[in-house]
**Q** 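Sharing a structure here in structure tokens format.
All figures in this text were calculated on a predicted structure; none of them were measured in a lab.
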Amino acid sequence: MAVVATYSDSQSRRPNIQSLVDLVAPGMADVNELILSKAGSNVELIPEIAKHLIASGGKRLRPMLTLALADIFDYQGNGDVTLAASVEFMHTATLLHDDVVDESDMRRGKLAARKLWGNQASVLVGDYLLGQAFKMMVDVGSLEALRILSTASAIIAEGEVLQLGAAKNIATTEADYLRVIEAKTAALFAAAAEVGPVIAGQDDSMKLAARTYGMELGYAFQLVDDALDYGGSTADLGKDVGDDFREGKITLPVVLAVARGTDEDRAFWKRCLEGDDVEDGDLEQAIDLLKKHDALSDTVIRARDYGDKALKALEALPQGRHNEALADAVAFCIARVS
């Protein structure tokens with residue numbers, strides 16, 4: 001079952017990020033090499049767990065943003081590669097921690113690390129990767145880049161705590177939820193984008209444009225994921241469709257459906273999400289309620305609005321193939337639900 005949405009893009013082909021992938025391919029080869037080297041340790045379990053997740057795929061969109069938004073200003077040096085690897089380590093550490101908090105079984109189509117090595121090992125290896133990320137940031141020698149990424153790390157941790165407060169709570173409001181995804185998802189997209197012009201020595205207007213682009217793209221990316229959990233495919237998600245529902249996660253489609261539903265509808269959501277009492281057929285009923293109250297389609301509309309804001313931010317940045325590739329990345333994020 002797919003969520004049908006058409007993004008404001010006149011291309012007849014399905015948008016993809018191949019133009020961005022091709023553009024940063026040389027830098028990403030260096031990033032991948034650095035990631036593998038920095039994931040090493042004399043403690044055997046650390047590289048085993050780290051490489052399980054690192055090698056399991058993922059588009060690595062965040063580090064690609066760092067490379068592209070440094071290269072758009074003709075940055076010369078290797079700081080972009082080092083910061084891009086730092087960003088990916090931060091993201092990977094967050095995934096390891098998230099899977100423990102959410103008690104997730106799958107990650108990117110494979111068993112989550114916690115299912116193979118346990119919760120304790122997953123958390124501690126996540127901490128190790130964060131430590132490596134900060135060491136690489138220091139190596140770059142940009143205090144401003146270090147400030148931006150370290151601030152993002154603290155905000156992500158705050159987002160985890162905010163999400164705990166919203167978990168299994170159907171009284172969560174749209175504003176509450178947007179605070180969670182700003183902290184958990186959009187903040188790292190924003191930081192990954194902003195450090196590009198920072199190390200390229202650009203002025204505040206360029207830094208702000210890059211940060212705004214990343215932030216709005218992060219919002220769009222997460223909202224599309226929210227919609228896909230109820231109307232996508234396992235291939236799109238890298239996990240089983242309906243995992244958010246089974247784990248009792250309160251995402252925007254649920255927030256909208258609860259607010260628009262009847263007392264009977266709210267009783268259903270309360271039983272399933274707050275009471276952990278999910279029965280056969282409940283996922284299908286949840287999807288029916290989301291469709292009945294336009295919760296999926298409105299989530300996609302909001303994602304498109306954030307995508308439009310990301311495209312608007314690009315107008316302030318240098319025009320050319322980098323700009324076009326970054327615009328393609330926005331179209332791709334939205335097109336995942338079409």
**Q** Testing the basics here: between S37 and L34, what is the closest heavy-atom pair and its distance to 0.1 Å?
**A** OG-O, 2.8 Å
**Q** Spell out, as yes or no, whether a donor-acceptor pair under 3.5 Å connects the side chain of T66 to the backbone of A192.
**A**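 Present.
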**Q** Please list, chain by chain and in numerical order, all residues satisfying side chain to side chain donor-acceptor pair (under 3.5 Å) with R321, sequence neighbours excluded.
**A** none
**Q** Flag yes if Y75 and M64 sit in one hydrophobic cluster, no otherwise; membership is Ile, Leu, Val, Met, Phe, Trp, Tyr, and two members link when side-chain heavy atoms are under 4.5 Å apart.
**A** no
**Q** Take L164 and E160 through the test side chain to side chain contact (heavy atoms under 4.5 Å, CB included) and record every step on the way to the result.
**A** CA-CA 6 Å; L164 280 179; E160 292 283 1; over 6 Å; no
**Q** Using a 6.0 Å cut-off, check whether atom CZ of R179 has over 12 heavy atoms from anything other than its own residue.
**A**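 Open.
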**Q** Identify the two heavy atoms, one from D282 and one from F268, that lie closest to each other, and give their separation to 0.1 Å.
**A** O-CZ, 3.4 Å
**Q** Using modelled atom types only, decide if a donor and an acceptor are shared between the side chain of D225 and the backbone of Q222 within a distance under 3.5 Å.
**A** no
**Q** Flag yes if F89 and V123 sit in one hydrophobic cluster, no otherwise; membership is Ile, Leu, Val, Met, Phe, Trp, Tyr, and two members link when side-chain heavy atoms are under 4.5 Å apart.
**A**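 Different clusters: F89 never reaches V123 through Ile, Leu, Val, Met, Phe, Trp or Tyr contacts under 4.5 Å.
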**Q** Could you tell me whether Q120 atom CD has more than 12 heavy atoms of other residues or ligands within 6.0 Å of it?
**A**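 No, the 6.0 Å shell around CD holds no more than 12 heavy atoms from other groups.
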**Q** When rounded to the nearest 0.5 angstrom, what distance separates CG in L162 from CD in E182?
**A**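 The distance works out to 10.0 Å.
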**Q** I'd like to know if the side chain of S86 reaches the main chain of A133, judged simply by a donor and an acceptor atom lying under 3.5 Å from each other, with no hydrogens or angles considered.
**A**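 It does hold such a pair.
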**Q** Taking atom CG as the centre, does D294 end up with more than 12 heavy-atom neighbours from other residues, nucleotides or ligands that are less than 6.0 angstrom away?
**A**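 For D294, atom CG is crowded (more than 12 foreign heavy atoms under 6.0 Å).
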**Q** Would you please say whether a donor-acceptor pair under 3.5 Å links the side chains of D328 and S19?
**A** yes
**Q** Taking C-beta and beyond as the side chain, do D105 and R114 meet within less than 4.5 Å on heavy atoms?
**A**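 Contact flag for D105/R114 side chains = yes.
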**Q** Calculate, to the nearest 0.5 Å, the distance between atoms CD1 and CG belonging to I54 and L95 respectively.
**A**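 The distance works out to 10.5 Å.
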**Q** Donor-acceptor pair, distance only, cut-off 3.5 Å: does the side chain of T82 make one with the backbone of N78?
**A**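 Yes: the side chain of T82 pairs with the backbone of N78.
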**Q** Taking the side chain from Q319 and the backbone from L317, do they hold a donor-acceptor pair closer than 3.5 Å?
**A**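 Yes, Q319 side chain to L317 backbone: donor-acceptor pair under 3.5 Å.
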**Q** Kindly compute the distance separating NZ (K168) from CD1 (I250), expressed to the nearest 0.5 Å.
**A**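 With rounding to 0.5 Å, NZ (K168) is 8.5 Å from CD1 (I250).
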**Q** Would you say that more than 12 heavy atoms from the other residues, nucleotides or ligands in this model lie under 6.0 Å from the NZ of K312, or not?
**A** no
**Q** Quick one: does D288's side chain have a donor or acceptor within less than 3.5 Å of a partner on Q285's backbone?
**A** no
**Q** In terms of heavy-atom contacts, does CD of E174 have more than 12 from other residues, nucleotides or ligands at under 6.0 Å?
**A**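 Counting other residues, nucleotides and ligands, CD of E174 exceeds 12 neighbours.
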**Q** Is it true that D298 and H293 share a donor-acceptor pair across their side chains at a distance under 3.5 Å?
**A** no
**Q** With side chain to side chain contact (heavy atoms under 4.5 Å, CB included) as the criterion, how do L208 and E194 come out once you've worked through the C-alpha distance, each side chain's angles and the decisive distance to 0.1 Å?
**A** CA-CA 7 Å; L208 178 60; E194 186 179 5; over 6 Å; no
**Q** Can you tell me if K38 has over 12 outside heavy atoms packed within less than 6.0 Å of its NZ?
**A**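 12 or below, so no.
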**Q** In Å and rounded to the nearest 0.5 Å, what is the CD to NZ distance from E274 to K270?
**A** 3.5 Å
**Q** Have a look at K249 and tell me which of D226, D102, D243, D276 forms a salt bridge (charged side-chain N to carboxylate O under 4.0 Å, His left out) with it.
**A** D102
**Q** Establish, from distance only, whether the side-chain atoms of S122 and N119 form a donor-acceptor pair under 3.5 Å.
**A**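 Side chains of S122 and N119: no pair found under 3.5 Å.
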**Q** Might you point out which heavy atoms bring S104 and K115 nearest each other, and give the distance in Å?
**A** O-CG, 4.1 Å
**Q** Applying ring-ring contact (aromatic ring centres under 6.0 Å, His included), name anything that partners W269, two or more places apart in sequence or on another chain.
**A**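 If we apply the ring-ring contact (aromatic ring centres under 6.0 Å, His included) test to W269, skipping adjacent residues, there are no hits.
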**Q** Restricting to non-hydrogen atoms, name the atom on A191 and the atom on A152 that form the minimum distance, rounded to 0.1 Å.
**A** CB-CB, 3.8 Å
**Q** Do you see a donor-acceptor pair shorter than 3.5 Å between the side chains of K207 and Q202?
**A** no
**Q** Show your working on side chain to side chain contact (heavy atoms under 4.5 Å, CB included) between D265 and T262 and close with a plain yes or no.
**A** CA-CA 5 Å; D265 294 341; T262 64; 3.2 Å; yes
**Q** Can you name the residues that form a ring-ring contact (aromatic ring centres under 6.0 Å, His included) with F221, not counting sequence neighbours?
**A**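 Here the qualifying residues are F189.
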**Q** Report yes or no: do Y219 and D305 form a side-chain donor-acceptor pair below 3.5 Å?
**A** no
**Q** Measure across L45 and V125 and return the closest heavy-atom pair with its distance rounded to 0.1 Å.
**A**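 Here L45 and V125 meet closest at O-CG2, 4.5 Å.
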**Q** Between L256 and R302, is any pair of side-chain heavy atoms under 4.5 Å apart?
**A** yes
**Q** Under 3.5 Å, is there a donor-acceptor pair between the side chain of R271 and the main chain of D277?
**A** yes
**Q** Please test R107 against H52 for side chain to side chain contact (heavy atoms under 4.5 Å, CB included), starting from the C-alpha separation and ending with a verdict.
**A** CA-CA 10 Å; R107 170 63 64 182; H52 167 77; over 6 Å; no
**Q** Answer yes or no: is there a donor N or O on one side and an acceptor on the other, between the side chain of R62 and the main chain of V87, under 3.5 Å?
**A**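 Between the backbone of V87 and the side chain of R62 there is no qualifying donor-acceptor contact (under 3.5 Å).
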**Q** Quick one: CG on L314 to NE2 on H322, what's the gap to the nearest 0.5 Å?
**A**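 Atom-to-atom, L314:CG and H322:NE2 are 12.5 Å apart.
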**Q** Of all the heavy-atom pairs spanning N169 and T172, show the shortest one and how long it is.
**A**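 Between these two residues, the closest heavy atoms are O-OG1, 2.7 Å.
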**Q** May I ask whether L296 and Y177 are part of the same hydrophobic cluster, defined by side-chain heavy atoms of I, L, V, M, F, W, Y residues being less than 4.5 angstrom apart, directly or through others?
**A**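 Yes, because L296 and Y177 connect within a single hydrophobic cluster, where side-chain heavy atoms sit under 4.5 Å apart.
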**Q** Rounded to the nearest 0.5 Å, how far apart are NE2 of H97 and CG of L130?
**A**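 Spacing of NE2 (H97) from CG (L130) equals 6.0 Å.
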**Q** Identify which one of T92, D98, L96 satisfies the side chain to side chain contact (heavy atoms under 4.5 Å, CB included) criterion when paired with T94.
**A** D98
**Q** Would you check if L83 and M136 make a side-chain contact, meaning some heavy-atom pair closer than 4.5 Å?
**A** no
